[in-house]
Amino acid sequence: MVRTRFAPSPTGYLHIGGVRTALFCWLFARKHGGQFILRIDDTDQQRNVDEALRPILEGLRWLGIDWDEGPEVGGPHAPYFQSQRADRYRQAVDELLRRGCAYRDYATAEELQEERQQAEREKRTFVYSRRFMARTPEEAARFEAQGRSGVVRLLMPREGTLVIDDLVRGRVEFAWADEQDHVIQRADGSCLYHLASVVDDYQFEITHVIRAEEHLSNTPRQVFIAQSLGYPLPQYAHLPFVAEPGSRNKLSKRKLDKYLKQKDFAELMEHGLKILRAVGFDRPKEILNPVMVDFYELVGYLPEAIINYLALLGWSLSDSREEFTRAELIELFSLDRVNKAPASFDPKKLRAVQERHMQRLPAAKKAEMVSPYLQRARLVADPSEPSARARIEQVVAAAGDRLKVAGDILEFADFFTPDEQLPYDPAVMGKSLGSPEARALLAKLRDALALCEPYSAEALEKCVHQFAAEQGVKLGQVVHPLRAALTGKSVGLGLFDTLAILGRASALRRIDRALSPPTNA
RNA sequence: GGCCCCGUCGUCUAGAGGCCUAGGACACAGGCCUUUCACGCCUGCAACACGGGUUCGAAUCCCGUCGGGGUCACCA
């Protein structure tokens, strides 16, 4: 039985790199019919764990990465919060002490610091001298009498080699002599991460520890703890991390400002900001950050697309296939096709993957996705009301591939704006309707449209073509002013779709308004 | 600095000794389609970090160099 786990710290957000790790863990478990466990590493956390955890759980849920055991769903190994498992860790520390694999140490920070600097001067790996190691209770008492407080350290081997067979990196060797006597328990009795992690992995019966590469050098100490406690070793798989756009550095949410200097990333952000502003977020910059998954949910990306893109960051199936549904990923995923080199996050590629998934989405689904945006932007009061629903479906159908994320519907706000409130782009109006000739032509076209029968996109197209022919002008000369009058913009849906969706009455009203002297201030 | 990992087009990657004058995708450039914008289609640009070996033959194996990254906490 395969059991994997994802162990986030409750930090208040779900990082893209973190999701990628979670995704691979989840995919591997699902692929093998195993279980995916969510464990919360809040060893060091104070209050507000619930609040800091919410975005993480929500993000995973949005992406469809479901967990079999963990917060909210419980499970046979509960609790799944490290902060609630302290007694188990203490028992493990006692056991380590009893077996002689750990010791109480009374060195002060200054004494340690001095040794460390000495090692650095001599250009060798720092290894603690164990000068303040208490071998007996009497020694411990003596140190304590000096006013020292003790921590528990691992009594690491000082010779030999550890060989790890990593499922993605292959054989990796470490010399035990280079490893530190890490502290596993503080003087106040609280335990540290590595100890906790190993104990939990054992108690949760984790078979495969799949995590980011930055943990590779932590592995020896964890192996030591596990072996000392007599635990069977899990299989390890260290994933390459997700790098910044255009660099090999690890992606970090703190460097947003730096990424914003990168053109593609800035565009991704700007596109999202525009949508968020339109739906009335007053402080979008504080909320929005494409390094975190909330961004994609808020702006209207498809979870399947995000998953697909993330899967491609470090994993590939072949040279000919990049598009996968969640189910296909589960079926096809394997760790031996995971790459070793870090992969940088590419906003452009992500958008391309999103576009492809969006193209495959049935119109009814798109209409559903898009509705909340119209509602929040106060363009549609009730999307389920039949006439509103019909209008939404028409616009979505006509928009076709122009709708790349759900929030893009706001590009077509003019279909949901009352005729008399339609905003005009002055530059466009000047260019298309600035001249008396253009205005006169449009006035004539208006009358032709008033008579065009039936009032459908196909018939309208014929009418407009015929009109241009009769007037002896090029199609463009009539089409551009008409678009400007109808939408106030120079770009948009197909003109005849626009006409048809608006309906005759509304179209004529808009033309009249555009033609009337600019009284609106 | 020690230890560990990594190194194919700008980016994601295919490639497990001859199928490679290195393939695909995204991006980019040009063109076609077209009422705008998208979409779509076509064409083009563009990479095996470097140096030594091994071999009849190396992107693929070995060694070295260089470069990049991770990690060295009483954080997780």
Side-chain angles (χ1 to χ4, degrees), chain A residues 7-11 41-45 82 105 109 112 116 119-127 149 151-153 164 166 169-170 172-175 177-180 182-188 190-194 196-197 212-220 238 240-241 243 245-250 263-264 309 312-323 339-353 355-356 359 399-404 408 411 428 432 461 464-465 468 474-480 482-484 487 489-496 498:
Chain A
S9 271
T11 50
D41 284 13
D42 56 349
T43 319
D44 199 37
Q45 221 69 23
Q82 290 196 325
D105 182 65
L112 243 22
R116 204 170 269 129
E120 202 160 318
R121 275 193 294 274
E122 293 167 17
K123 304 213 162 162
R124 37 158 260 259
T125 306
F126 162 67
V127 181
S149 56
V151 298
V152 177
R153 288 180 181 278
I164 295 165
D166 189 282
R169 326 208 79 91
V172 182
E173 296 187 13
F174 295 90
D178 291 334
E179 298 299 319
Q180 303 302 317
H182 293 279
V183 173
I184 51 175
Q185 187 176 45
R186 298 185 181 96
D188 67 3
S190 62
C191 295
L192 267 8
Y193 169 73
H194 292 290
S197 186
E213 184 192 339
E214 65 231 51
H215 288 287
L216 184 55
S217 47
N218 297 155
T219 308
H238 287 92
F241 52 81
S247 124
R248 290 289 192 211
N249 291 41
K250 200 171 106 182
K263 189 170 139 283
D264 297 341
Y309 174 70
L312 259 17
L313 235 39
W315 174 86
S316 69
L317 180 70
S318 66
D319 63 339
S320 56
R321 179 127 183 242
E322 308 204 302
E323 211 181 317
N339 250 59
K340 292 180 184 172
S344 16
F345 175 75
D346 180 352
K348 279 259 175 59
K349 180 86 178 193
L350 187 161
R351 300 230 19 173
V353 172
E355 278 178 44
R356 258 180 275 159
Q359 286 173 349
D401 294 342
R402 275 166 276 233
L403 228 47
K404 299 183 197 306
D408 284 339
E411 295 283 319
V428 172
S432 297
E461 181 161 9
V464 172
H465 278 268
K474 280 195 260 179
L475 197 60
Q477 285 177 265
V478 348
V479 151
H480 296 305
L482 181 54
R483 176 186 299 285
T487 67
K489 300 184 298 189
S490 61
V491 300
L493 306 186
L495 184 62
F496 308 110
T498 301

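Within every chain, numbering begins at 1; the chains are lettered A, B, ... in the order of the sequence lines, protein sequences first and strands thereafter. Values below: every heavy atom of this structure, side chains too, minus hydrogens, waters and symmetry copies.
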Between [X] ([atom1]) and [N] ([atom2]), how many Å, whole number?
| X | N | atom1 | atom2 | result |
| --- | --- | --- | --- | --- |
| Asp166(A) | rC5(B) | CG | P | 10 Å |
| Leu216(A) | rG70(B) | CG | P | 14 Å |
| Tyr193(A) | rU71(B) | OH | C1' | 13 Å |
| Asp105(A) | rA73(B) | CG | C1' | 14 Å |
| Gln180(A) | rC4(B) | CD | C1' | 14 Å |
| Gln477(A) | rU36(B) | CD | P | 14 Å |
| Lys250(A) | rG69(B) | NZ | P | 13 Å |
| Arg351(A) | rC39(B) | CZ | P | 11 Å |

Please give the distance between the [atom1] atoms of [N] and [M] as a whole number of Å.
| N | M | atom1 | answer |
| --- | --- | --- | --- |
| rG15(B) | rA58(B) | C1' | 13 Å |
| rC9(B) | rA49(B) | C1' | 14 Å |
| rC48(B) | rA14(B) | C1' | 12 Å |
| rU13(B) | rA47(B) | C1' | 12 Å |
| rA59(B) | rC41(B) | P | 34 Å |
| rU54(B) | rU60(B) | P | 15 Å |
| rG24(B) | rC56(B) | P | 33 Å |
| rG64(B) | rG7(B) | C1' | 15 Å |

Complementary nucleotide for [N] - Watson-Crick or wobble, under 3.5 Å:
| N | answer |
| --- | --- |
| rC56(B) | rG18(B) |
| rG1(B) | rC72(B) |
| rG64(B) | rC50(B) |
| rG40(B) | rC32(B) |

What's [X] touching, base or sugar-phosphate or nothing? Going by heavy atoms closer than 4.0 Å.
| X | answer |
| --- | --- |
| Gly492(A) | base |
| Glu411(A) | nothing |
| Glu461(A) | nothing |
| Asp264(A) | nothing |
| Val172(A) | sugar-phosphate |
| Leu493(A) | base |
| Leu192(A) | sugar-phosphate |

Exercise. Does Ser320(A) or Phe496(A) map to a spot on RNA chain B nearer the 5' end, using the closest nucleotide for each?
Worked result: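 On the 5' side of the pair lies Ser320(A).
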For this session: Could you run through nucleotides 7-20 of chain B and give me one letter per nucleotide, 5' to 3': B if any protein heavy atom sits under 4.0 Å from the base, S if only the sugar-phosphate is that close, - if neither?
Result: SS--BSSSS-----
For this session: Identify, with sequence neighbours excluded, every residue that meets salt bridge (charged side-chain N to carboxylate O under 4.0 Å, His left out) alongside Glu120(A).
Result: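 Applying salt bridge (charged side-chain N to carboxylate O under 4.0 Å, His left out) to Glu120(A) gives none.
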Exercise. In chain order, what residues pass the salt bridge (charged side-chain N to carboxylate O under 4.0 Å, His left out) check against Glu411(A), with sequence neighbours excluded?
Worked result: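 Partners of Glu411(A) under the salt bridge (charged side-chain N to carboxylate O under 4.0 Å, His left out) test: Lys274(A).
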For this session: Report yes if the ring of His215(A) lies under 5.5 Å from the six-membered base ring of rG70(B) with planes under 30°, and no otherwise.
Result: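 No; by the centre-distance and plane-angle rule, His215(A) does not count as stacking on rG70(B).
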Exercise. Is the shortest heavy-atom distance from the side chain of His480(A) to the side chain of Val428(A) under 4.5 Å?
Worked result: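 No, their side chains stay 4.5 Å or more apart.
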Problem set entry | Close side-chain approach of Val464(A) and Leu475(A), heavy atoms under 4.5 Å |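 In short, these two side chains touch, coming nearer than 4.5 Å.
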With the side chain of [X] defined as its heavy atoms from C-beta on, choose the nearest nucleotide among [options].
| X | options | answer |
| --- | --- | --- |
| Arg483(A) | rC3(B), rA76(B), rU35(B) | rU35(B) |
| Lys404(A) | rA76(B), rA38(B), rC4(B) | rA38(B) |
| Ser9(A) | rC4(B), rA76(B), rU35(B) | rA76(B) |

Exercise. Distance check: side-chain N/O of Arg186(A) vs OP1/OP2 of rC75(B), anything under 4.0 Å?
Worked result: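 Looking at the OP1 and OP2 atoms of rC75(B), one of them is under 4.0 Å from a side-chain N or O of Arg186(A).
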Problem set entry | rA25(B) phosphate, OP1 or OP2, under 4.0 Å from Arg356(A) side-chain N/O |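 Arg356(A) to rA25(B) OP1/OP2: no side-chain N or O under 4.0 Å.
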Exercise. With distance as the sole criterion, do the side chain of Arg402(A) and the base of rC37(B) form a donor-acceptor contact below 3.5 Å?
Worked result: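 Pair found.
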Problem set entry | Donor-acceptor pair present, His194(A) side chain and rA76(B) base, under 3.5 Å |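 Answer yes: a donor N or O sits under 3.5 Å from an acceptor.
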Exercise. Shortest non-hydrogen contact from Gln185(A) to Leu192(A)?
Worked result: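 Residues Gln185(A) and Leu192(A), closest heavy atoms: N-CD2, 4.3 Å.
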Sub-3.5 Å donor-acceptor pair from the side chain of [X] to the main-chain atoms of [Y], do we have one?
| X | Y | value |
| --- | --- | --- |
| Ser344(A) | Ala243(A) | no |
| Asp264(A) | Pro347(A) | no |
| Asp42(A) | Gln82(A) | yes |
| Arg248(A) | Pro342(A) | yes |

Exercise. Should the pair His194(A) and His182(A) be assigned to parallel (<30°), tilted (30 to 60°) or perpendicular (>60°) ring geometry?
Worked result: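 Tilted: the ring planes of His194(A) and His182(A) meet at 30° to 60°.
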